[in-house]
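Below is one structure; the comments refer to it alone.
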Amino acid sequence: MTALDDNIAKLDGYLARFRDTGILNRIAGQDVAGSAGTFQSTSPVDTSVICDVAHGTTEDIDAAAKAAHAAFAEWRDMPATQRRKVLIGIAEGIEARAEEIALCECWDTGQAYKFMSKAALRGAENFRYFADQVVQARDGQHLKSPTLMNVTTRVPIGPVGVITPWNTPFMLSTWKIAPALAAGCTVVHKPAEASPLTARLLVEIAEEAGLPPGVLNTVNGFGEGAGKALCEHPLIKAIAFVGESRTGSLITKQGADTLKRNHLELGGKNPVIVFDDADLDRALDAVIFMIYSINGERCTSSSRLLVQDTIREEFEAKLVERVNNIKVGHPLDPATEIGPLVTEEHFNKVTSYFDIAKEDGATVAAGGVTVGDAGYFVRPTLFTNANNQMRIAQEEIFGPVLTSIPFSTEEEALQIANDIPYGLTGYVWTNDLTRALRFTDKLEAGMIWVNSENVRHLPTPFGGVKASGIGRDGGDWSFEFYMEQKNIGFATGQHKITKLGAL
Ligand code: NAD
């Protein structure tokens, strides 16, 4: 039996229950059918139906928001050490079911097992990290004035909505839900319609770890139905959203009437800038990893390569050779590096850029073709002879597709890097320290790595500028979003109070 056969057999076992019952919504610790019936979840590997999924709408969101509201006081007031224990229990539950989570995620999204096995464990890490912050999350300052002792404290904002996309859905859900629960908020989670499986596993694991009913509720459905209703619900105090920039704009509009606080983690078209003085072997590895891992369906992917003209020919030649060697295949095969794209709609979008590139005058130097007859497989693709005005340089393709653009000077590289509506990440490869300092100071991005691929460190701020988002995750930045600052002034003496209406 090959490793692929073994994984397929294990997956079959894990999916049996979903085939029987479908995926139900989870509200107040109960399984609940969707008020609009069901929709079907299909696998991008062979387009087969995985299972029915509860189709939630306004009614289901209302029930979930009420459940989150009812559970809020108990969760908020539970001693921090006890809440911490529950979060650690969730981390342990994720670790115990990491294989199930990873296999289901691969089948649901098309992501390769090679990367998803780690994504499940990163989800556990998110819970462990925020569990360790629970006890001090509400601590504040004392700010003495001549007449008052001012004491600040942080309190959880209330029930919050979490809306997540289909790329690495398990990891991204934990990234939002772990700090929300650590802060003392209760949650209504609306997972992406294209990838509902692992959100169901998460709520089960959380309840098994002792999370009280109603603290985490999961409502499946579509953006314009359940998603919109969540943004509009008056009992929901904030929305933590991860998804496309244009959806982020809708989230803001939909939350306006209820004065929603929004945290938006949106799209990117991130540059990796390779100067001729860099360690070119390491730069090559990082350039390839940051666009072709996770199917290129990654907000932080470096989808624009800005390469100095002095090394361009040699660098691109090596790139073509490596890209042509990347293994596209069944996502459950541990050797596979790129699996199928998530949905037919997304496959059509990504492949449309193969023609757009040619129409714009770029060269398809590698890939640019689909693979096989079933499923949504594409070859990893490299466009060369491009300029920054082309659609392949300006638009987020969100697949394993890299656009290479040459530059000659540092000033030109900076101008090209910043000439884009997005500003999530940037990657700079140079061995000139002063250049790195100058360049990163002017580069418009929320996160920049120098001589490194994206390596996430949980205490650091994660988020974008421009059309890539508003707000930051990570460390205390997460608590700033999920909590309110409160200041209480205590008089320290008999200071003069101005008298009105007194004789
Ligand atoms: P999407 O915006 O289409 O959908 C994301 C979620 O929003 C889904 O759950 C969807 O149902 C919901 N939604 C859609 N319309 C809605 C509405 N009107 N109201 C409320 N909810 C609505 O995004 P996607 O295609 O699922 O994900 C890919 C996008 O996510 C890419 O643009 C990618 O860059 C971005 N992303 C960003 C980050 C980040 O940290 N910045 C991380 C991962 C993905």
Side-chain angles (χ1 to χ4, degrees), residues 39 41 53 55-58 61 108-111 119 122 126 161-176 188-196 198-199 218-233 236 239-256 260 262-270 291 294-303 341-350 395-399 420-425 445-447 454 456 461-474 477-478:
F39 65 96
S41 179
V53 184
H55 185 170
T57 60
T58 310
I61 289 290
D108 212 9
T109 65
Q111 294 288 351
R122 279 187 61 198
N126 286 334
V162 172
I163 302 179
T164 46
W166 45 256
N167 69 313
T168 60
F170 185 79
M171 205 285 291
L172 286 174
S173 305
T174 61
W175 192 332
K176 298 285 168 192
V188 177
H189 180 202
K190 208 299 278 171
E193 50 274 33
S195 57
T198 54
T218 309
V219 177
N220 291 283
F222 294 84
E224 59 278 18
K228 181 167 180 282
L230 188 55
C231 298
E232 290 173 345
H233 204 286
I236 297 294
I239 296 285
F241 172 75
V242 186
E244 283 189 27
S245 300
R246 65 169 181 269
T247 318
S249 160
L250 287 174
I251 300 282
T252 307
K253 285 187 193 124
Q254 292 163 178
K260 218 58 105 219
N262 294 312
H263 181 180
L264 306 176
E265 285 187 11
L266 310 174
K269 187 76 179 178
N270 310 298
I291 183 65
I294 317 200
N295 291 354
E297 295 167 328
R298 180 184 199 156
C299 56
T300 54
S301 73
S302 52
S303 47
L341 300 175
V342 66
T343 57
E344 185 179 8
E345 185 191 359
H346 190 56
F347 172 82
N348 290 340
K349 174 185 161 180
V350 171
E395 297 174 11
E396 187 186 42
I397 300 174
F398 215 58
I420 195 92
Y422 297 105
L424 190 59
T425 62
M447 297 167 281
N454 167 352
R456 178 88 184 105
F462 186 104
V465 300
K466 296 158 68 174
S468 289
I470 299 175
R472 294 292 178 272
D473 257 327
W477 285 276
S478 296

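Below, each value reflects all heavy atoms present in this structure, side chains not excepted, and no hydrogens, waters or symmetry copies. Ligands are counted one by one from 1 in listed order, and the atoms in each one are counted from 1 as well. It should be emphasised that the depicted structure is a prediction, and the values quoted were computed from it without experimental measurement.
Summarising the geometry of Ser302 relative to Ile291, their closest heavy-atom pair is O-CB, 3.5 Å, with the distance given to 0.1 Å. Here the closest heavy-atom approach between residue Arg472 and residue Val465 is recorded as NH2-CG1, 3.7 Å. Leu424 approaches Cys299 most closely through the heavy-atom pair CD2-O, 3.3 Å. Looking at every heavy atom in both residues, Ser245 comes nearest to Leu266 through OG-CB, 3.5 Å.
In this structure, the side chain of Lys260 engages the main chain of Ile236 through a donor-acceptor pair within 3.5 Å.
Between Trp175 and Phe462, the ring planes lie perpendicular to each other; the angle is over 60°, past the 30° to 60° tilted range.
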Pairs under 3.5 Å, N/O atoms on ligand 1 and on the protein: can you put them in a table with the distances?
from: ligand 1; atom 1: 2 (O); to: Glu244; atom 2: N; distance (Å): 2.9
from: ligand 1; atom 1: 2 (O); to: Thr247; atom 2: OG1; distance (Å): 2.6
from: ligand 1; atom 1: 9 (O); to: Thr164; atom 2: O; distance (Å): 2.8
from: ligand 1; atom 1: 9 (O); to: Lys190; atom 2: NZ; distance (Å): 3.1
from: ligand 1; atom 1: 11 (O); to: Lys190; atom 2: NZ; distance (Å): 2.6
from: ligand 1; atom 1: 11 (O); to: Glu193; atom 2: OE1; distance (Å): 2.6
from: ligand 1; atom 1: 11 (O); to: Gly223; atom 2: N; distance (Å): 3.3
from: ligand 1; atom 1: 18 (N); to: Gln254; atom 2: OE1; distance (Å): 2.9
from: ligand 1; atom 1: 19 (N); to: Gly223; atom 2: O; distance (Å): 3.4
from: ligand 1; atom 1: 19 (N); to: Gln254; atom 2: NE2; distance (Å): 3.0
from: ligand 1; atom 1: 23 (O); to: Glu244; atom 2: N; distance (Å): 3.4
from: ligand 1; atom 1: 25 (O); to: Trp166; atom 2: NE1; distance (Å): 3.0
from: ligand 1; atom 1: 26 (O); to: Trp166; atom 2: NE1; distance (Å): 3.1
from: ligand 1; atom 1: 30 (O); to: Gly243; atom 2: O; distance (Å): 3.4
from: ligand 1; atom 1: 32 (O); to: Glu396; atom 2: OE1; distance (Å): 2.7
from: ligand 1; atom 1: 34 (O); to: Glu396; atom 2: OE2; distance (Å): 2.6
from: ligand 1; atom 1: 40 (O); to: Glu265; atom 2: OE1; distance (Å): 2.9
from: ligand 1; atom 1: 41 (N); to: Leu266; atom 2: N; distance (Å): 3.2
from: ligand 1; atom 1: 41 (N); to: Leu266; atom 2: O; distance (Å): 2.7

